[in-house]
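Keep in mind it's a predicted model, so treat the numbers as computed, not measured. Just follow the structure's listing: the first ligand is 1, and inside any ligand the first atom is 1.
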Amino acid sequence: MKSPLFYLLAAALKSHIVIPTVLAHSRVYGVWVNEVFQGDGRDIYIRSPPTNEPVKDIYSNDMTCNVHNRAVPKTVNVATGDKLTFEWYHESRKDDIINDSHKGAIQVYIAPSASNGTGAVWTKLFSDSFDGSLNNKWATDRLKKAKGQHYIIIPNIPTGDYLFRAEITALHQAQVRYDQDHDKGAEFYIECVQVRVQNDRETLGSVALPGGTSLPGTYSYDSHGIIWNLFGSKEEWDPRSYVPPGPAVWEGAKGGKIEMV
Ligand SMILES: *[C@@H]1O[C@H](CO)[C@@H](O)[C@H](O)[C@H]1NC(C)=O
Ligand SMILES: *[C@@H]1O[C@H](CO)[C@@H](O)[C@H](O)[C@H]1NC(C)=O
Ligand SMILES: [Cu+2]
C-alpha cells in the first residue's frame, strides 16, 4: 500500500505539472453529428495531442495532425449532407474555450485517412477569420460565444475514411516569426478527427477531393495569414484585410458556421 505521503507528493507533483496549462490554449473535446453528441472523443476518435499547447513551427510534421498523429480506435460515422460540429475547450468542457487574447481564424481541412495526412492531400472545407459586420468580429471570439462549437456540412465525396482537421490560428504574437523568436509567432491549434463518410448518393456522382495542400508544406513565412500584427496601425493592419493561411475553400465544400448546437 502506498503511504499518505506518496499521495501528497503525487498531488503536489501533479499540481506542479498542471501549471503550464494555465496558459490559455485550446483542444477539441468531441464532435456532434446532426446535433447528437458523439461522446468524449479524446484519444478515442480524435488524434488528440497530450496537452492544449499550440504548434508553432509551421515547417514541422506536427502541422499535419498535431504531436500525436497516430490512429486512434474509433471513427465517427457520417453521411453526405450531415452536419458535423466540432467542440473546443480550454481546460474543461464548456469553459472559456480559449483566451480572449487569442484572436484569429478557424479553418477545416479534409484528407483521406489512408494518406495519414502526408503529402499534398488536404482540401479546405471551411474558413472563417474576421467579419467586421458582426459583434464578435474574430472567428475565435465567436467560437467562445458559441461554447466552442462550429460546424461543417459533409460534402458529396466518395464513401471512405477521412481525417477532418480543424485548425485555429491565434495571432496575438504573430507579428514576430517563430523561427526568429521561439517565444513568439502565430499559434496553431490542430485537431484531427477520424470520420467515415457514407455517401448514399454515390450513384448520382460524388466528387473526388482535389487535394493540393500539404500540411506542413503549403504554409510559409512568405504566404499570407502567418505574420500579422493585431496591435498595429489600422491602415497597415486593417483586420478586414486579413486572409488566413492556405488556399481558398474548395468549391465543392458545402459550408459551415461558428454556431452552438
Ligand atoms: C491570456 O493570454 C495572455 C497573453 O496574450 C496572457 O498574458 C494571460 O496570462 C492569459 N490569460 C490566462 C488566463 O491564461
Ligand atoms: C503518420 O504521420 C506522422 C507525422 O505526422 C508520423 O509520425 C507517423 O509515423 C505516421 N504514421 C504512419 C502509420 O504512417
Ligand atoms: Cu494559448
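Against a heavy-atom cut-off of under 4.0 Å, H172 is close to the following atoms of ligand 1: 5 (O). Under a 4.0 Å criterion applied to the non-hydrogen atoms of N61, ligand 2 contributes the atoms 5 (O). The ligand atoms of ligand 1 that sit less than 4.0 angstrom from a heavy atom of N99 are 1 (C), 2 (O), 3 (C), 8 (C), 10 (C), 11 (N), 12 (C), 14 (O).
At the shortest separation from atom 12 (C) of ligand 2 among protein heavy atoms lies N116 ND2, 3.2 Å.
The distance from the CG atom of D82 to the OH atom of Y151 is 13.0 Å, given to the nearest 0.5 Å.
Proximity of atom 7 (O) of ligand 2 to the protein is not indicated, since no non-hydrogen protein atom lies closer than 4.0 angstrom. Note that atom 2 (O) of ligand 2 has protein non-hydrogen atoms nearby, at separations under 4.0 angstrom.
Taking a cutoff of 4.0 Å between a charged side-chain nitrogen and a carboxylate oxygen, R142 and D128 qualify as a salt bridge. Between D131 and K137, no side-chain nitrogen of the basic residue sits less than 4.0 Å from a carboxylate oxygen of the acidic one, so the salt-bridge criterion is not met.
Residues E87 and W32 bring a donor and an acceptor atom of their side chains to less than 3.5 Å of each other.
Across all non-hydrogen atoms, the minimal contact from D43 to P73 is O-CD, 3.5 Å. Across all their heavy atoms, L143 and I168 have their closest contact at CD2-CD1, 3.8 Å.
At least one test fails for R177 against the ring of Y59: distance under 6.0 Å to the centre or angle within 45° of the axis.
The option with the heavy atom closest to atom 4 (C) of ligand 2, from among N66, N69, V67, D62, is N69.
At the Cu ion (ligand 3), the angle from NE2 in H102 to ND1 in H25 is 170° when rounded to 10°.
The N/O atoms of T118, backbone and side chain alike, include none that comes under 3.5 Å of an N/O atom in ligand 2.
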